[in-house]
Every structure is written in C-alpha cells, then in structure tokens.
Amino acid sequence: MLPVPDWSLLQPRYSSCYSLEASKGCRYACAFCSDRGLGRQRMRSAASIVREIREIRDRFGATLFRFVDSTLTSWSEHTVEFCRALARERLGIEWSCYARADNFSRHPGLAPAMCEAGARWIFCGIESGSDAILRGMNKGYDRKEALKGCL
C-alpha cells in the first residue's frame with residue numbers, strides 16, 4: 001500500500017492545477033528511460049486516489065489535476081476501476097495524465113472510462129513512427145498499434 005500525502009501540512013494555496021501520483025515506478029522498461037523504477041510499478045488503490053482528489057478539492061477548491069505518473073494507464077484494468085470510482089463521485093473535476101497509445105489499442109474501454117471520469121488531456125509518448133526504432137527502444141508495440149491507440 002502506497003502512502004497518501006498529508007495535505008493538511010500544506011498551507012492553503014490556490015493553484016490552477018494540483019499534481020497527483022497514483023503509482024510509483026513504471027511497468028515498462030523502455031531503453032531510453034531514466035526512471036529508477038523501470039519494470040516495476042506499484043499502484044495505489046482506486047479508493048485512495050479518489051479520496052485524495054476529494055480532499056484536495058474540498059480543502060483547496062481545486063478542480064484541475066495532473067497525474068504525474070510515468071504512465072497512468074499501465075495497468076488498464078486498474079485505471080478503468082479508478083475512473084469508474086471517480087465518475088461515481090461526480091466531483092466536477094478535470095484532469096490530465098501520461099499514457100501509452102498501446103494501452104488504448106489493447107483496451108478499447110479505457111478511453112471512454114477516462115473521459116467519463118474527467119480526463120481532458122492525455123499525453124502519449126510516441127517516440128517514433130519507425131518499427132525498427134520502436135523495437136530498438138524496447139517500446140513493446142509497433143507503429144500500427146500506436147496509430148490504432150490514438151484513433
């Protein structure tokens with residue numbers, strides 16, 4: 001279980017965007033990455049993330065969030081569970097995250113669940129359109145799958 005930050009220690013500050021982490025490390029092991037958690041990712045529970053969002057919204061009036069995880073969508077089933085829990089809360093928030101295009105191509109229900117939960121900006125790192133370069137980078141997907149995930 002990953003600990004939740006103690007937001008009570010932060011003096012009220014009104015920001016246009018609050019950063020959150022739903023996980024530590026990264027599931028993938030791309031050749032170019034400097035993340036020390038390569039190949040390992042620990043996820044927080046969906047309920048824990050939703051509680052933190054609600055606390056920040058209630059305490060600071062925040063309605064805009066940015067997940068700073070290497071890839072929020074690594075474990076797509078977990079992301080869908082989180083999104084459904086967040087959508088049920090109807091907190092009136094919007095959020096952004098980093099994602100991998102192949103997660104969307106492999107899990108067609110992922111993007112709709114994210115949208116319903118308030119995702120408005122998704123940043124996908126598609127480092128190359130060359131299959132040879134993607135293989136060399138150990139991305140784990142090819143150009144065709146990246147394109148499919150973005151459509």
**Q** Starting at CG of Leu110, measure out to OG1 of Thr79 and round the result to the nearest 0.5 Å.
**A**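 Nearest 0.5 Å value for the CG-OG1 distance: 6.0 Å.
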
**Q** Between Cys83 and Ala113, which heavy-atom pair has the shortest distance, and what is it?
**A**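 Looking at all heavy atoms of both residues, the shortest contact is CB-O, 3.4 Å.
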
**Q** Does Asp69 have any side-chain hydrogen bond (donor to acceptor under 3.5 Å, both in side chains) partners at least two apart in sequence or in another chain, and if so, which?
**A**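 If we apply the side-chain hydrogen bond (donor to acceptor under 3.5 Å, both in side chains) test to Asp69, skipping adjacent residues, the hits are Ser23.
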
**Q** Nearest 0.5 Å please: distance from the SG atom of Cys30 over to the CZ atom of Arg100.
**A**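 Answer rounded to 0.5 Å: 5.0 Å.
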
**Q** What heavy-atom pair brings Asp102 and Gly140 nearest, and what distance separates the two atoms?
**A**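 Between these two residues, the closest heavy atoms are OD2-O, 4.5 Å.
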
**Q** I would like to know whether Arg27 and Arg40 meet side chain to side chain contact (heavy atoms under 4.5 Å, CB included); could you show each step before the answer?
**A** CA-CA 5 Å; Arg27 176 182 185 176; Arg40 299 178 315 275; over 6 Å; no

**Q** Between the main-chain N or O of Met114 and the side-chain N or O of Trp95, is there a donor-acceptor pair closer than 3.5 Å?
**A**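 No.
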
**Q** Under the side chain to side chain contact (heavy atoms under 4.5 Å, CB included) test, which residues partner Ser96, sequence neighbours left out?
**A**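 Counting only residues at least two positions away or on another chain, Ser96 forms a side chain to side chain contact (heavy atoms under 4.5 Å, CB included) with Arg66, Trp121, Phe123.
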
**Q** Rounded at 0.5 Å granularity, tell me how far CD1 in Ile56 sits from CD in Glu52.
**A**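 Atom-to-atom, Ile56:CD1 and Glu52:CD are 4.5 Å apart.
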
**Q** Run through the side-chain heavy atoms of Ile, Leu, Val, Met, Phe, Trp and Tyr, join any pair under 4.5 Å, and report what else lands in Ile126's cluster.
**A**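 Leu134, Tyr141, all in the cluster of Ile126.
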
**Q** I need the Thr73 OG1 to Phe104 CZ distance, nearest 0.5 Å.
**A**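 Thr73 atom OG1 to Phe104 atom CZ measures 5.0 Å (nearest 0.5 Å).
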
**Q** Ring centres under 6.0 Å, that's the criterion: do Phe60 and Tyr18 meet it?
**A**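 Centroid distance Phe60-Tyr18: below 6.0 Å, so yes.
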
**Q** Can you list everything that forms a salt bridge (Lys or Arg N to Asp or Glu O under 4.0 Å) with Glu116? Sequence neighbours excluded, please.
**A**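 With sequence neighbours excluded, Glu116 shows a salt bridge (Lys or Arg N to Asp or Glu O under 4.0 Å) to no residue whatsoever.
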
**Q** Could you work out, with side-chain hydrogen bond (donor to acceptor under 3.5 Å, both in side chains) as the rule, every residue matching Ser105, not counting sequence neighbours?
**A**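 Per chain and number, Ser105 pairs via side-chain hydrogen bond (donor to acceptor under 3.5 Å, both in side chains) with Glu145.
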
**Q** Please assess Asn138 against Phe32 for the test side chain to side chain contact (heavy atoms under 4.5 Å, CB included), listing each intermediate value before the final yes or no.
**A** CA-CA 9 Å; Asn138 196 30; Phe32 60 86; over 6 Å; no

**Q** Quick one: salt bridge (Lys or Arg N to Asp or Glu O under 4.0 Å) partners of Glu81, sequence neighbours excluded?
**A**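 Glu81: no salt bridge (Lys or Arg N to Asp or Glu O under 4.0 Å) contacts found.
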
**Q** Where is the tightest heavy-atom contact between Ser76 and Asn103, given as atom of each residue plus distance?
**A**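 So the two residues come closest at OG-CB, 3.8 Å.
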
**Q** Please determine whether a side-chain nitrogen of the Lys or Arg among Lys144 and Asp142 lies less than 4.0 Å from a carboxylate oxygen of the Asp or Glu.
**A**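 No salt bridge links Lys144 with Asp142.
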
**Q** Which heavy-atom pair separates Ile93 from Ala62 by the least distance, and what is that distance?
**A**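 Residues Ile93 and Ala62, closest heavy atoms: CG2-O, 4.3 Å.
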
**Q** Who are the side-chain hydrogen bond (donor to acceptor under 3.5 Å, both in side chains) partners of Ser70, not counting sequence neighbours?
**A**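 side-chain hydrogen bond (donor to acceptor under 3.5 Å, both in side chains) list for Ser70, sorted by chain: Asp35.
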
**Q** If every non-hydrogen atom of Ala101 is compared with every non-hydrogen atom of Cys124, which pair is closest and at what distance?
**A**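 Scanning both residues, the minimum pair turns out to be N-SG, 4.1 Å.
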
**Q** Sequence neighbours left out, what passes side chain to side chain contact (heavy atoms under 4.5 Å, CB included) with Val50? Give chain and number order.
**A**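 So Val50 forms a side chain to side chain contact (heavy atoms under 4.5 Å, CB included) with Arg54, Phe82, Ala85, Leu86, Glu89.
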
**Q** Can you sort out the partners of Ile133 under side chain to side chain contact (heavy atoms under 4.5 Å, CB included), two or more places apart, ordered by chain and number?
**A**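 Listed in chain order: Ser128, Ser130, Met137.
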
**Q** Atom CE of Met43 and atom NE2 of His78: how far apart are they, to the nearest 0.5 Å?
**A**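 Met43 atom CE to His78 atom NE2 measures 4.5 Å (nearest 0.5 Å).
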
**Q** Would you say CZ of Arg57 has more than 12 non-hydrogen atoms from neighbouring residues, nucleotides or ligands within 6.0 angstrom?
**A**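 Yes, enclosed.
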
**Q** Looking at OH of Tyr28 and OG of Ser74, how far apart are the two atoms once the value is rounded to the nearest 0.5 Å?
**A**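 Here the interatomic distance stands at 4.5 Å.
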
**Q** State whether Arg44 and Glu21 are salt-bridged, where the test is any N-O pair (Lys NZ or Arg NE/NH1/NH2 against Asp/Glu carboxylate O) under 4.0 Å.
**A**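 A salt bridge is absent here (no side-chain N lies under 4.0 Å from a carboxylate O).
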
**Q** According to side-chain hydrogen bond (donor to acceptor under 3.5 Å, both in side chains), who are the partners of Glu127, at least two apart in sequence or on a separate chain?
**A**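 Only Lys139 meet the side-chain hydrogen bond (donor to acceptor under 3.5 Å, both in side chains) criterion with Glu127.
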
